[in-house]
Amino acid sequence: MYALEIKGFTKTFGTLVANDNISLTLDKGEVLAILGENGAGKTTLMRGIYGMEVPDSGEMVLSGERVSIRFPKDAIRHGIGMVHQHFMLINNFTVAENLVLGMTEYTGQLLDRKTINQKINAFFEQYHFDVPADAKVKDLPVGLQQRVEIMKVLFRGAQILVLDEPTAVLTPQETQELFHIIRRLQSEGKSIIFISHKLDEVKAISQRILVLRLGRVSGVVNTSEADENRMARMMIGRELHTEEKPHQSADLIRRRVLKVEHLIIKNEKTIAVKGIDFTIFSNEILGVAGVDGNGQKELAEGIAGLCRVESGSILLNGRQIAGKSVKEIRRSKVAHIPEDRRATGLVLGFSISDNCILSQHDCPPFAKGILIDKKTVRRFARQCIEDYRIMAASEAETAACLSGGNQQKLIVARELAGDPELLVAMKPTRGLDVGAVEYIHSCLLEQRSKGAAVLLISSELEELMQLSDRIMVMHNGEITGIVYPEQVTAEEIGLMMAGQKRPEPVLVPKQGVIA
Amino acid sequence: MNNLLTWATLLPLLQATIRMAAPYTFAAIGGIYSDKAGVSSIELEGLLLIGAFAGFVTVYFTQNLLLGVLAAALAGMLLSAIYAYMVVFLGSKAALIGTAVMLLAGGITSFYYRSIFGVSVEYPSIVPFRNVPVPLLSKIPFIGDIFFRQNLLVYLGYILVVVTWFFFSKTALGLQCRAMGENPFAADTLGLPVRKYRFINVLVTGLIAGISGAYLSLAASGSFVENMSSEKGYAAFAIIILGKYSPVGAFLGCLLFGFADAFQLNLQALGFNVPYQFMLMLPYLFTLIVMFVSGSGNQPEGHGKFFRKGAQIL
Amino acid sequence: MKDKLLSFLKSQLKSIILIIVALICSFAAAAVVLLFAGYNPVEAFESILAGAIGSRTAIAQSFGKATPLMILGISVAVAFKGSSFNIGAEGQFYAGALGAVLCEMALHNSGLPSAAIITLCLLSAFLLGAVWGMIPGYLKASRGASEVVTTVMLTSVILLLVGFLVSQGGPIAEPRGIYPETQEIVESARLPYIWKGTRLHLGFAIALAVVAASYFFLEKTTGGYKIKATGLNPNAAAYGGISVGMVTISTMMLSGAIAGLAGGVEVLGTSWKLYVNLSPGYGYNAIAVALLGRLSPIGIVFSALLFGMLNTGCNQMARYIGIPNTIAAVIQALVLLFVVGFSILENKTFSLKLKKKGGTVCE
């Protein structure tokens with residue numbers, strides 16, 4: 001008898017079939033990994049299991065009993081718990097309040113916070129988890145917030161835990177700690193569904209792997225028998241081909257494009273960037289690694305002019321750009337691919353052509369005086385669509401109608417159009433399918449060949465290892481090390497991400513002559 | 001001028017402060033129920049107006065003040081149901097629907113008022129709430145005179161402040177309501193029905209704000225005048241922000257506004273000679289200053305965020 | 001090209017149908033309101049219709065009422081495009097009216113040619129309206145203060161200010177000190193009539209010009225681009241190098257200026273003087289006008305005409321059969337509710353389409 005069995009699960013949105021007749025089984029005490037690239041239907045499947053989505057057809061059997069789960073409360077009642085990729089915690093509540101929220105049968109109508117906190121602390125001790133129950137969630141680091149999320153699920157008596165991309169926000173070490181917890185839960189007889197798009201993690205933690213591709217199950221294998229090439233084929237329909245960064249000759253002459261000195265940037269809450277120094281040279285990609293929220297975003301926005309620079313200097317080709325407006329900075333050939341393409345990168349209600357001139361709408365050739373030259377804009381938009389193979393019916397279509405990958409291509413097309421000297425790219429491949437990721441990577445490498453300096457901020461360590469000439473690691477607003485990717489392991493970078501400083505940062509790229 | 005600070009001039013001023021603060025108190029406390037659950041309380045103005053009208057008409061025909069208050073509360077709730085439906089279920093912009101509700105209340109009240117009473121110079125009126133000293137408490141020196149020689153609705157206001165504070169900080173249900181305002185998506189994953197909670201909270205706002213309207217026609221004046229809410233609902237919206245979304249903070253804000261109103265009423269008595277239009281401007285200017293000073297801090301994180309479940313609600 | 005045109009028409013057809021359905025619903029609801037008060041809705045609507053378009057005079061009057069509504073509708077729509085909700089157009093209207101009157105008083109005996117006086121007065125109205133719109137814009141941009149509240153407060157302030165200025169014996173009241181209003185403006189400051197035998201004045205043409213200018217500004221200029229980008233996505237606008245705060249302030253300024261112009265036109269064309277009840281709530285009606293016109297300039301022309309007729313018709317109805325004319329306010333509020341409600345319906349089918357194409361929901 002399986003802990004969970006799903007038969008013929010199908011879910012469509014309009015004409016898009018997100019899940020097509022998916023069946024799976026989960027044994028008691030097993031870790032089942034669900035592997036698939038972005039857009040393969042993993043999240044839809046999980047939302048279906050948790051009652052956040054009602055499937056068009058299909059049935060669920062829990063410990064031999066057929067159940068209907070239409071709302072999260074049904075799932076909770078049946079002992080299914082979900083740890084969401086974006087934590088479902090209330091930042092302004094305490095840990096205890098988050099745990100008991102909605103559990104009136106446990107707390108009673110009147111909240112006796114003292115007793116509740118004691119009980120919660122006792123519960124935490126079972127799992128060797130020492131966070132005070134009365135701490136506010138917003139004051140906890142991301143790793144601990146995830147732990148609270150897991151505790152919340154356990155506290156509700158979950159026997160089946162669904163973890164949706166849980167490692168995305170963790171350092172390699174934190175990931176190892178998470179794996180310890182998973183193994184522990186496993187030993188207690190809990191069953192776990194572990195969702196990921198990372199092959200190595202899946203291999204490390206699961207017993208079986210179910211691979212999804214384009215909404216269908218493309219295979220189920222025992223982890224012990226899984227080999228990476230085969231998995232990749234099942235996942236993306238072909239061999240994974242990683243683009244090598246082209247070799248650069250030793251006599252390449254490099255300029256200092258961006259020189260950052262003693263840079264301090266504050267956000268609403270704290271000092272996000274604490275006096276850092278680094279340089280990016282022409283023909284170089286400088287990767288920035290770090291757990292989310294360690295100042296990378298502020299650094300990118302500070303350079304782009306979106307965040308006020310508290311003190312320090314940002315020199316672009318020797319000219320000060322700190323404190324300048326976004327407009328002035330962009331005029332000096334700085335391009336910026338923002339973290340969130342939908343929230344920041346595009347005006348979704350605008351047409352593709354209007355989006356193409358977002359940063360250039362009041363410069364020639366698009367503006368003539370106060371008038372916008374629509375003809376030139378349209379021609380430029382058509383050019384972008386063609387050059388970057390953006391799938392769109394016409395340039396008059398709104399950006400909202402494009403798929404995620406095409407939206408990102410549109411941003412890249414716009415940003416690279418002016419042949420930037422400095423490109424600030426913040427998680428440029430987030431949420432994209434493999435094909436789009438490869439394309440964006442090739443664009444970045446092309447900029448490198450053309451002589452641009454690229455600041456690439458990413459939470460995907462592999463991506464950084466593959467593309468960067470040097471990797472800079474940030475922790476808590478400081479640089480904990482700058483290294484050549486060939487000379488370090490992921491674990492070493494993980495240690496730096498966790499705050500361990502590595503002496504002697506490498507200050508110049510490996511090849512080339514500094515002008 | 002030198003008699004400005006004697007007890008004899010100060011006492012009426014402070015008593016008036018409490019009296020004038022009451023309509024703000026009901027409106028702001030009512031609004032907090034919406035705001036805490038993440039729905040903007042921009043619709044208060046219309047609720048006040050409809051409450052004032054419903055209360056007045058009921059009392060005019062029944063001579064029963066309590067029935068009037070009840071009618072006002074119900075009318076407020078009914079109107080807020082429209083707002084709640086449009087904002088919580090359809091996801092319309094709160095400011096837009098709030099304005100529509102305000103205009104609808106303005107239109108309906110003046111239409112029916114004119115239909116029932118015609119257009120005449122003389123305002124029909126009713127006997128308003130009288131001051132009832134609270135036994136014992138009213139004997140406390142100073143405090144008793146200021147706080148406990150008021151009408152029944154003022155006392156109801158005090159009770160509401162305490163009850164609301166207790167509800168949001170000490171009960172499980174209050175915590176759940178706040179969760180709707182902080183992170184509706186998290187609340188949803190815990191199996192709490194977000195839109196139902198939000199809807200009901202807005203209804204509660206309507207109920208209490210309706211009483212605020214009743215205060216205007218049944219306690220403050222004894223008659224109904226078109227647009228008599230005179231932007232008090234919008235002021236209450238500002239007060240909630242000023243009070244950082246806490247009932248007690250909002251109450252203090254209401255006292256401040258009550259003082260501004262009382263001060264304006266008493267200016268002449270205090271010997272200032274300013275055209276009355278400028279005195280009437282005070283509460284409005286005061287609101288503007290409050291908006292400038294308090295900005296929009298401490299807002300629940302999910303405030304104004306439309307929630308809908310997955311993609312199934314179409 | 002032909003396909004594009006067809007699909008464009010099809011999409012427009014859908015909005016037009018939705019608007020008509022919304023109007024029918026509003027009138028049906030208004031009928032219920034009338035029934036409750038014991039009136040016969042059929043009789044009432046007939047009377048409204050007759051009063052609105054029953055004669056040449058009636059039509060001219062409807063157009064006259066539509067004039068301020070059209071300009072104010074554009075004012076509200078411009079603010080909306082920049083994601084500001086200007087419900088204080090009423091106040092900016094009075095600010096403009098005050099500006100026009102003050103300017104006229106200064107030029108009263110100047111003997112300047114008519115065109116010069118009119119231009120200067122309208123300019124003054126424009127500027128004072130801009131000032132009154134700038135304050136909430138500044139409060140919003142710098143402090144995040146809700147413009148809904150601040151514009152309402154500023155409306156009350158300017159109404160009281162005007163009330164004081166024109167009160168009997170007040171600073172700008174007519175010299176005899178009998179009425180709470182200003183002196184009539186000189187003949188040369190009045191807007192000429194443009195339809196023989198009626199009182200339809202040049203203001204109507206000015207309103208149409210404002211509509212055309214706003215279309216041109218929003219669609220063809222960098223300023224319009226900035227306003228729309230800021231309105232649709234302030235984050236993206238800031239990222240693209242647009243100064244969102246400045247755009248917010250200037251949007252509100254422009255919106256206020258246009259509303260002020262409406263006030264100036266009303267004084268120079270219709271009332272010839274300033275008094276407290278100059279506007280029967282035009283500024284509020286304009287919100288319904290703008291939304292019924294779906295914020296598009298051409299749509300606003302039609303919705304303003306419709307509401308002009310409604311207002312004129314309701315006044316006539318009140319005069320002849322004694323039903324309170326405030327039913328017009330009820331209908332307009334209902335229109336607002338239904339139009340917004342139905343537009344959500346429309347957007348829903350729109351977002352469904354998005355999902356089909358982008359499959360964004362699965363992420």
Side-chain angles (χ1 to χ4, degrees), chain B residues 40 42 45-46 82 85-86 90-116 118-119 226 230-231 233-235 237-238 241 275-281 283-288 290-297 310-311 313-314, chain C residues 33-34 36-39 85 87 135-136 139 142-150 152-157 159-165 167 170 281 284-285 287-288 291 318 322-337 340-341 343-345 347-349 351-352 355 361:
Chain B
S40 165
I42 198 85
E45 184 73 15
I82 297 178
Y85 175 74
M86 300 280 288
L90 294 186
S92 313
K93 273 197 169 166
L96 212 55
I97 305 302
T99 308
V101 160
M102 185 261 290
L103 295 176
L104 187 65
I108 292 230
T109 53
S110 65
F111 175 74
Y112 281 118
Y113 184 78
R114 291 186 196 181
S115 306
I116 298 171
V119 186
E226 286 179 21
S230 60
E231 279 77 54
Y234 289 111
F237 176 90
I241 299 170
Y276 76 95
Q277 287 97 345
F278 287 99
M279 299 184 207
L280 288 180
M281 262 181 224
Y284 305 124
L285 293 174
F286 196 57
T287 312
L288 283 172
V290 163
M291 295 296 282
F292 180 74
V293 173
S294 56
S296 55
I313 285 114
L314 289 172
Chain C
V33 172
L34 283 162
F36 259 117
Y39 299 116
F85 190 28
I87 66 171
I135 303 170
L139 288 174
S142 70
R143 307 289 309 170
S146 161
E147 72 278 20
V148 174
V149 175
T150 52
V152 163
M153 295 298 152
L154 281 165
T155 300
S156 302
V157 169
L159 275 170
L160 288 166
L161 185 66
V162 167
F164 164 72
L165 291 174
S167 59
Y284 299 108
N285 298 345
I287 299 163
L291 286 166
I323 300 176
N325 63 358
T326 43
I327 191 70
V330 176
I331 295 176
Q332 286 170 11
L334 287 169
V335 167
L336 193 53
L337 277 176
V340 175
S343 71
I344 300 282
L345 216 73
N347 284 338
K348 270 183 181 159
T349 48
S351 61
L352 182 66
K355 274 164 207 154
V361 275

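Below, chains carry the letters A, B, ... as their sequence lines are ordered, and counting in each starts from 1. Heavy-atom basis, side chains included; hydrogens, waters and symmetry copies ignored.
- Contacts between B:Ile116 and chain C at a heavy-atom distance below 4.5 Å are absent for every atom of the residue.
- Between the side chain of B:Glu45 and the backbone N or O of B:Glu231 there is at least one donor-acceptor pair closer than 3.5 Å.
- Contact annotation for B:Ile42: only side-chain heavy atoms (C-beta onward) come within less than 4.5 Å of a heavy atom of chain C.
- Within the 4.5 Å cutoff, no side-chain heavy atoms of B:Tyr234 are placed close to those of C:Ser156.
- Per-residue counts of heavy-atom pairs under 4.5 Å with chain B were compared for C:Ala288, C:Ala329, C:Pro324, C:Ala333; the largest is that of C:Pro324.
- Across C:Leu161, C:Asn285, C:Ile331, C:Leu159, the residue that shares the most heavy-atom pairs under 4.5 angstrom with chain B is C:Leu161.
- Two residues are said to be in side-chain contact when any heavy atoms from C-beta on lie closer than 4.5 Å; B:Met291 and C:Met153 fail this criterion.
- Looking only at side-chain heavy atoms (C-beta outward), B:Tyr276 and C:Phe164 stay at 4.5 Å or farther from each other.
- For C:Ile327, the parts sitting under 4.5 Å from any heavy atom of chain B are the backbone and the side chain alike.
- Under the 4.5 Å side-chain criterion, counting only non-hydrogen atoms from C-beta, C:Ile323 is in contact with B:Phe111.
- B:Tyr113 does not touch chain C: none of its heavy atoms, backbone or side chain, sits under 4.5 Å away.
- Interface remark: C:Phe36 contributes backbone and side-chain atoms alike to the contact with chain B (heavy atom separation under 4.5 Å).
- The greatest number of non-hydrogen atom pairs below 4.5 Å with chain B, out of C:Val33, C:Ile87, C:Leu336, C:Val148, is found for C:Val33.
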May I have the list of side-chain donor-acceptor pairs in residues 92-103 of chain B shorter than 3.5 Å, sequence neighbours left out?
{"unit_1": "B:Ser92", "atom_1": "OG", "unit_2": "B:Met86", "atom_2": "O", "d": "3.1"}
{"unit_1": "B:Thr99", "atom_1": "OG1", "unit_2": "B:Ala95", "atom_2": "O", "d": "2.7"}

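- In this structure, chain B has heavy atoms under 4.5 Å from both the backbone and the side chain of C:Ser146.
- Put simply, of C:Leu337, C:Leu139, C:Thr150, the one with the most heavy-atom pairs under 4.5 Å next to chain B is C:Leu337.
- Every pair tested for salt bridge (Lys or Arg N to Asp or Glu O under 4.0 Å) that includes a residue from residues 322-334 of chain C fails, sequence neighbours excluded, so the list is empty.
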